[in-house]
Structure formats: structure tokens, C-alpha cells
There are 2 protein chains.
Amino acid sequence: MGLTKSEIFTTQQNRIAAIAKVLGHPARIAILQHLLKVQSCICGDLVDEIGLAQATISQHLREMKNIGLLKGDIDGTKVCYCIDEVMFKEMGGIFTELFQADLKGCC
Amino acid sequence: MGLTKSEIFTTQQNRIAAIAKVLGHPARIAILQHLLKVQSCICGDLVDEIGLAQATISQHLREMKNIGLLKGDIDGTKVCYCIDEVMFKEMGGIFTELFQADLKGCC
DNA sequence: TTGGTTTATTGCAATATTACGATTAATAAC
DNA sequence: GTTATTAATCGTAATATTGCAATAAACCAA
């Protein structure tokens with residue numbers, strides 16, 4: 001069906017999944033890594049850097065902005081994108097928590 | 001197109017994305033959390049616990065097994081699923097590394 | 001004002017994902 | 001052997017995602 005049954009899961013489960021989903025595409029990982037390196041840049045820089053069409057990069061940026069991972073500051077015709085520090089830390093915390101459990105036994 | 005252009009990204013970027021993608025569905029988060037709690041269980045347990053059809057749970061389990069997050073030990077007609085400790089730790093490390101950067105400036 | 005730059009949006013095509021019923025295969029229990 | 005249990009797979013339908021060309025919108029520079 002292509003339609004996730006969100007209503008049968010907890011808010012926390014849906015949230016973790018939504019955050020992981022945004023990281024689930026190499027273009028968005030590339031965008032994140034580039035922004036970690038240069039602090040901030042415009043959409044056109046990412047088009048040059050990554051090699052996807054402008055419309056495609058813009059679409060990925062929107063998804064990252066939608067969950068709050070990126071901020072976009074309008075500066076004339078350009079939009080200065082950067083990582084939202086608060087969300088970045090929150091995301092780090094979510095994964096730290098998820099993976100900090102130590103596994104006891106197995107089959 | 002629905003077809004990711006994997007070839008323009010680094011192996012590392014594709015790998016991080018593939019790992020995140022598996023976590024990008026609430027059912028798979030629910031499966032992971034349940035296994036963290038009970039160490040190991042069979043497919044039918046997850047069907048009861050989560051409330052999706054058996055075929056659907058089986059499909060999610062396969063995806064998690066495909067990237068190495070889960071192991072499945074056949075035990076008669078049952079299959080005992082549990083988390084692969086090595087992969088679990090590796091995944092934790094990947095996210096720790098990705099989110100440990102401290103952001104300097106912004107727009 | 002005119003033309004150039006930059007980004008968002010729209011529309012579309014191709015592929016992927018999610019979900020489930022039905023079936024199959026394999027073992028267990030009797 | 002027959003029947004029940006369990007899980008994988010197949011087929012299918014509905015929706016989502018990815019990617020791009022074309023366009024629109026907004027600003028800047030001359």
C-alpha cells in the first residue's frame with residue numbers, strides 16, 4: 001500500500017523513524033556532511049558539490065528543514081542553509097539512547 | 001524516478017544512508033525496541049505485539065536481517081530472532097561519530 | 001526597466017515501499 | 001499419515017519517493 005500505519009505506533013517510535021528516514025538517503029547525508037564542514041552554504045553550492053539537479057537538491061533541503069534539522073536564512077536571492085544546533089544535538093541524543101543498551105543474550 | 005543515484009555518492013555515505021533507512025520505519029523501531037527488551041523472540045510474537053500482518057512483519061524482519069542488524073536462528077518451525085551485537089555496536093558508533101561534531105557558526 | 005541570479009514549486013515519469021491475502025514449505029504433534 | 005503451527009514468499013494494490021525539466025517568484029545589478 002505504501003502507507004505506513006502510524007496510528008498503531010507510539011509517538012516516540014514515529015518520531016525516531018521520521019528522523020532516521022531523513023538520514024536514509026545518501027544525498028541528505030552528503031548535505032549534512034558538507035554543512036558540518038563549511039558551517040553554512042547556499043543551495044547552488046550543494047548542486048555543484050553533489051551533482052544532482054537544483055530541483056532535486058531543493059527538495060532534499062526542504063525535507064531536512066521540515067523535521068527541523070536545517071535552517072534557511074533568506075539573504076537576497078540566496079538562501080543560507082545551516083544546521084540547527086538544537087535539533088542536531090537532540091538527534092544525536094536520540095541515537096545515543098537507542099544504541100546505548102547492552103545486549104545480554106541471543107539465540 | 002524513485003531510483004537513488006548511488007553511484008555519485010561515497011561508499012560511506014551510501015552505507016550510513018542504508019543503515020538509517022532501515023531505522024526509518026516505526027515498525028522496525030518497534031521490532032528493535034522489543035528485541036532490546038526481551039533479547040529474542042519469534043516472528044509470531046512480533047505480530048501479536050505490533051499488530052501488523054504476519055507477511056508484513058516478515059518483510060520488515062528480512063530488511064533488518066539484510067543489513068545485518070538481526071540474526072534469525074531456525075528452531076523447528078519457529079525462527080528465533082535477535083539483535084546482532086557486532087552490527088548493533090557498529091551502528092551505534094556510526095551515529096555517535098556523525099553527531100559528535102560541534103557546530104561553530106550559523107547564518 | 002531590463003537582464004541575470006538564485007531558489008521554490010509544479011508536473012511528470014519511473015521506481016520503491018508498505019501492507020495484506022493466499023499460498024507454500026517445513027517441522028511438530030498426534 | 002494427518003493435521004496444526006510457523007514463517008517465507010508471491011502476487012497485487014495503493015501510496016511514497018526520487019529525479020528532472022520547466023516555470024515562477026524574488027531579488028540584485030546595470
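Throughout, protein chains are lettered first and strands after them, A, B, ... in sequence-line order, and every chain is numbered starting at 1.
- Atoms CG (A:L61) and C1' (C:dA8) sit 11 Å apart, rounded to a whole Å.
- Counting only heavy atoms from C-beta outward, the side chains of A:K21 and B:K21 never approach each other to under 4.5 Å.
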What string of B, S and - do you get for nucleotides 22-30 of chain C, 5' to 3', when a contact is any protein heavy atom under 4.0 Å?
----BBS--
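- Here B:I57 lies out of heavy-atom contact (under 4.0 Å) with every strand.
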Give me the distances for all protein-to-nucleotides 13-15 of chain D N/O pairs that come in under 3.5 Å?
from	atom 1	to	atom 2	distance (Å)
D:dA13	N1	A:M1	N	3.1
D:dA13	N3	A:M1	N	3.3
D:dA14	N3	A:M1	N	3.4
D:dA14	N3	A:M1	O	2.3
D:dA14	N3	A:G2	N	3.2
D:dT15	O4'	A:M1	O	2.5

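- C:dT15 atom C1' lies 14 Å from atom NZ of B:K5, rounded to whole Å.
- Nucleotides of DNA chain C nearest to A:S6 and A:K78 differ in position, and the one nearer the 5' end is that of A:K78.
- For the segment residues 19-30 of chain B, residues with any heavy atom less than 4.0 angstrom from an atom of DNA chain C are, sorted by number, B:K21, B:H25, B:R28.
- Following rounding to the nearest Å, A:F9 (CZ) and C:dA19 (P) show an atom-to-atom distance of 6 Å.
- Between B:I29 and A:F9, every side-chain heavy-atom pair lies at or beyond the 4.5 Å cut-off.
- Using a 4.0 Å cut-off, no side-chain N or O of B:S58 falls inside it from OP1 or OP2 of D:dA7.
- The hydrophobic clustering, which links ILVMFWY residues whose side-chain heavy atoms are closer than 4.5 Å, places A:L36 and A:I42 apart.
- By the neighbour-count criterion of 12 heavy atoms within 6.0 Å, atom CD of A:E97 is sparsely surrounded, having that number or fewer from other residues, nucleotides or ligands.
- A 4.5 Å side-chain heavy-atom check between A:L98 and B:L32 finds at least one atom pair inside the cut-off.
- Remark: P of D:dG11 and CD of B:Q59 are 14 Å apart, rounded to the nearest angstrom.
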Test log, rule salt bridge (charged side-chain N to carboxylate O under 4.0 Å, His left out), inputs B:E90 and B:R15:
CA-CA 12 Å; B:E90 194 185 320; B:R15 179 161 172 71; 2.4 Å; yes
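- A:T96 places a side-chain N or O within 3.5 Å of a backbone atom of A:G92 that can act as its donor or acceptor partner.
- Under the 4.5 Å side-chain heavy-atom criterion for ILVMFWY residues, a single connected hydrophobic cluster contains both B:I8 and A:L35.
- Within the structure, every side-chain polar atom (N or O) of B:Y81 is placed at least 4.0 Å from both OP1 and OP2 of D:dT6.
- With hydrogens and angles disregarded, a donor-acceptor distance shorter than 3.5 Å links the side chain of B:Q13 to the backbone of B:T10.
- Considering only side-chain N and O atoms, B:R62 lies under 4.0 angstrom from the phosphate OP1 or OP2 of D:dT9.
- Between the side chain of B:S58 and the backbone N or O of B:Q54, no donor-acceptor pair lies under 3.5 Å.
- In this structure a side-chain-to-backbone donor-acceptor pair under 3.5 Å is missing from A:R28 to A:L23.
- Atom-to-atom, CE of A:M64 to P of D:dT17 comes out at 16 Å; the value is rounded to the nearest Å.
- Aromatic ring pairs are classed by plane angle as parallel below 30°, tilted from 30° to 60° and perpendicular above 60°; the pair A:F99 and B:F88 is tilted.
- Backbone-only contact: B:L52 has heavy atoms under 4.0 Å from sugar-phosphate atoms and none from a base.
- Every pair passing ring pair (Phe, Tyr, Trp, His ring centres under 6.0 Å) that includes a residue from residues 34-64 of chain B is listed here, sequence neighbours excluded: B:H25-B:H60.
- Within the nucleic acid shown, A:T4 comes within 4.0 Å of sugar-phosphate atoms alone, with no base atom in reach, counting heavy atoms only.
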Can you list, pair by pair, the side-chain donor-acceptor contacts under 3.5 Å of residues 67-84 of chain A, counting residues two or more places apart and other chains?
from	atom 1	to	atom 2	distance (Å)
A:D84	OD1	A:V86	N	3.0
A:D84	OD1	A:M87	N	3.0

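- Put simply, CG on A:D73 is 16 Å from C1' on C:dT6, counting in whole angstrom units.
- Applying a 4.0 Å cut-off to non-hydrogen atoms, none of the residues of residues 37-48 of chain A approaches DNA chain D.
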